[in-house]
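All values below come from the heavy atoms of this structure, side chains included, with hydrogens, waters and symmetry mates left out. So you know, we letter chains A, B, ... as the sequences are listed, proteins then strands, and number each from 1.
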Protein chains: 2
Amino acid sequence: MKKEITIYDIAANVGLSPTTVSRALSNHPRVHVNTRKKILDAAKLLGYQSNIFASSLRKRRSKSIGVIVPKLNSPFQSSVLAGMEKIASQSGYNLVISQSMESLEKEISNTNIMYNSRVDGLLVSKAGTTDNIEHFQSFFNKEIPVLFFDRVPENNHCTGVVINNTQAIYDATAHLIKEGCKRIVHVLGNLQINVYADRLKGYKYALMDHGFVFNAENVISNELDEDLGERIVKKILKLNPRPDGLLVSNDTSAASCLMALKKRGIQVPKDIAIVGFNNDLISRMVEPNLSTINYPSYHMGEVAMKNLINHLGDEQQEILQKTNTITLRSELIIRDSSKRSSYT
Amino acid sequence: MKKEITIYDIAANVGLSPTTVSRALSNHPRVHVNTRKKILDAAKLLGYQSNIFASSLRKRRSKSIGVIVPKLNSPFQSSVLAGMEKIASQSGYNLVISQSMESLEKEISNTNIMYNSRVDGLLVSKAGTTDNIEHFQSFFNKEIPVLFFDRVPENNHCTGVVINNTQAIYDATAHLIKEGCKRIVHVLGNLQINVYADRLKGYKYALMDHGFVFNAENVISNELDEDLGERIVKKILKLNPRPDGLLVSNDTSAASCLMALKKRGIQVPKDIAIVGFNNDLISRMVEPNLSTINYPSYHMGEVAMKNLINHLGDEQQEILQKTNTITLRSELIIRDSSKRSSYT
DNA sequence: ATGAAAGCGCTAACAA
DNA sequence: TTGTTAGCGCTTTCAT
């Protein structure tokens, strides 16, 4: 490995002190314009590259933000990440990204690595099995801001960027009821996750408000993956009376249910109406197009990152502590998969 | 911010030198078992966290890998990243990720940031407009390994992890010909990118080998996005004779073409057969299911990361330099969107 | 506007 | 097996 060019080399080259070079390089105001120019020129000439380790060691800041997501390869998360990256890079922050694979154990390990990596702030969408936030304690102790997004822990003082999941599913349920559905099955993920717990609430409230009786048989909590469709459809076809409405907590799974239904000759929305969640691309590509909840994922990434970065400067993170929740707008998008009115 | 606990604190606590503490902490063999235990206990007790800046400054290694992709929010890239993250985290490496947004300018900027961040290695899938690799020169000079994946630069000595794009499209084209297609339109991305240039070759070769005449009108180079379908379908419907085969370089765009065709009452595969690329989820969710090329994206991430990390130890990167290309297996998956035989 | 000196926390020679 | 010493490259008082 070649020798590093340091500010000492530049200093020697231009006949000034390392201090002045350092100041010039970091745009300190108290450096004469000509001096700065001379130094910058020399730096370029010598091929100088600042050593961020030395700088970070000294300044105790890394100019990097950690992000922990459950899974990297999901349309939702990758879109959030894209939004985050945009803002971070605009502000000169690096993104250190890791995935918890829905495992609390790995989330803890990731968190520790992030802590050791001295990220200036942490953005987390928690794993399904995470039911406490002890492992972030080291961040809290050192007052390194931690901000949750989408999947936020319950009952705590952390800021979270979320959508109103309860309202979203309330609207979806009410919509299905209005379309004449009599038995609506709700398929969702791990109920330990706020996202799904809230949606279940919205579902219940909507039933209640429309004079329906809640029936636990109509709620299926499951791993939301691509193969969900077959499993779910088998299950719901055994129910009596047969459900005529299906509320699935993500579009991929909803699409998969749609496939499984069509395969059996069950017509959507005539026999069963479907509403998905997220407004992923796939919701516009299947037939019939899926009604869904528009989830502003890219925007969520931007907002979360912006809020985190805005508060990095503050010595005391009061504002971030006090802004407990930022709720983004989401809305029901009605497409053909749930338009039953014409058939009834 | 609270005071840091350092190895000096531990040393003082257990009555040993910082050196021994450092050795114990990094599992150096020449430390007595009891000593190590005492040190580890004290470290835990005091809440010690190693300072990677100091360590990296001293060791001149960051234990982090940079990844630059064109876009974070693509099913393909996020799957590659997931594979990379898995391997990296297993080996104790952090992932610093940024996106070039298909802009050479941003790619250069990202590259410089990665260089300044002192990543131990760099993984790149290049932007569409990148036609040289000068901006990686600083990495080459310092012998920091750079490995390209999927979109690799032409004519250079860098290692790349790729699939055989030429063969893949050759097979797809041959398949369409066998299914009786007489006029096959090939829709692909920016031809400056090896991926698409190679595919065009495969298309031409296949035509040639089957006695077809290549016609430039049948090649459409375009931005491959979700809205592609309408644009493409309008174009091809103007062609005379009307094409009966469509080869689209990613599944999202292929699905979008499929939608646009169906909207106009054109039947797939009877009137026009379609083959996509990537084997994204969406290819299995549209109707008819899309024939496509299975692209082992997750695996590509794993392989690329493994190869990079394997060669980080080596002082001289000879092996990496000499292994010029790693080609992963890809294969044609035939589904309903291209099964025309029964109609002819 | 510029400089001298100290030190961030760690590790690697070298010595014992 | 353990310790001494020096220094990685930078920034930040404090002085001039």
Need the bend value for the helix from C:dA1-D:dT16 to C:dA16-D:dT1: angle between end axes, 5 pairs each end, nearest 10°.
30°

Holding to side-chain contact (heavy atoms from CB on, under 4.5 Å), I want the full list of residues that pass it with B:P153, two or more places apart in sequence or in another chain.
B:K126, B:I133, B:F148, B:N156

Can you check the B:I7 CD1 to D:dT2 P distance for me, whole Å?
15 Å

Rounded to the Å, how far apart are A:N116 CG and C:dC10 C1'?
14 Å

Please write out each protein N/O paired with an N/O of nucleotides 12-16 of chain C under 3.5 Å, distance rounded to 0.1 Å.
residue: C:dA12; atom: O4'; partner: B:R58; partner atom: NH2; Å: 3.2
residue: C:dA12; atom: N6; partner: B:T19; partner atom: OG1; Å: 3.2

B:S103: which residues meet the side-chain contact (heavy atoms from CB on, under 4.5 Å) condition with it, sequence neighbours left out?
B:E105, B:K106

Among all residues two or more places apart in sequence or in another chain, which pass the side-chain contact (heavy atoms from CB on, under 4.5 Å) test with A:V303?
A:V161, A:H299, A:N307, A:I326, A:L328

Taking atom types as they are modelled, would you say the side chain of A:Y8 forms a donor-acceptor pair with the base of D:dC8 within the 3.5 Å cutoff?
no

Listing request: all side chain to side chain donor-acceptor pair (under 3.5 Å) pairs with a residue in residues 32-46 of chain A, at least two apart in sequence or in separate chains.
A:K37-A:D41

Does B:S64 use its side chain to pair, donor to acceptor, with the backbone of B:L95 at less than 3.5 Å?
no

From CZ of A:R60 over to C1' of C:dC10, roughly how many Å is that when rounded to an integer?
14 Å

Side-chain N,O (B:S17) to OP1/OP2 (D:dT2) below 4.0 Å
no

Ordered by number, residues from residues 26-55 of chain B within less than 4.0 Å of DNA chain C (heavy atoms) are B:Y48, B:S50, B:N51, B:A54, B:S55

Distance in angstrom units between A:K63 NZ and D:dC10 P, rounded:
18 Å

Side-chain donor-acceptor distances from residues 114-123 of chain A under 3.5 Å, at least two apart:
residue: A:S117; atom: OG; partner: A:I113; partner atom: O; Å: 2.7
residue: A:S117; atom: OG; partner: B:N94; partner atom: ND2; Å: 2.7
residue: A:R118; atom: NH1; partner: B:S50; partner atom: O; Å: 2.9
residue: A:R118; atom: NH2; partner: B:E4; partner atom: OE1; Å: 2.6
residue: A:D120; atom: OD1; partner: A:S62; partner atom: N; Å: 2.9
residue: A:D120; atom: OD1; partner: A:S62; partner atom: OG; Å: 3.3
residue: A:D120; atom: OD2; partner: A:S62; partner atom: N; Å: 3.4
residue: A:D120; atom: OD2; partner: A:K63; partner atom: N; Å: 2.7

For B:K86, what residues pass the side-chain contact (heavy atoms from CB on, under 4.5 Å) criterion, not counting sequence neighbours?
B:Q90, B:Y298, B:E302

Interatomic distance where CD1 belongs to B:I10 and P belongs to D:dG3 [whole Å]:
14 Å

Using whole Å, what does the distance between atom C1' of nucleotide C:dG9 and atom CD1 of B:I5 come to?
13 Å

For A:E107, enumerate each residue passing the side-chain hydrogen bond (donor to acceptor under 3.5 Å, both in side chains) test, keeping only those at least two apart in sequence or located in another chain.
A:T130, A:H135

Pairwise ring-ring contact (aromatic ring centres under 6.0 Å, His included) hits with a residue in residues 56-90 of chain A, at least two apart
A:F76-A:Y295

So, taking the atom named CZ in B:R23 and the one named CD1 in B:I7, what distance separates them when rounded to the nearest 0.5 Å?
10.5 Å

Write down the distance between CG (B:L57) and P (D:dA6), rounded to a whole number of angstrom.
18 Å

Who passes ring-ring contact (aromatic ring centres under 6.0 Å, His included) against B:Y8, sequence neighbours left out?
none

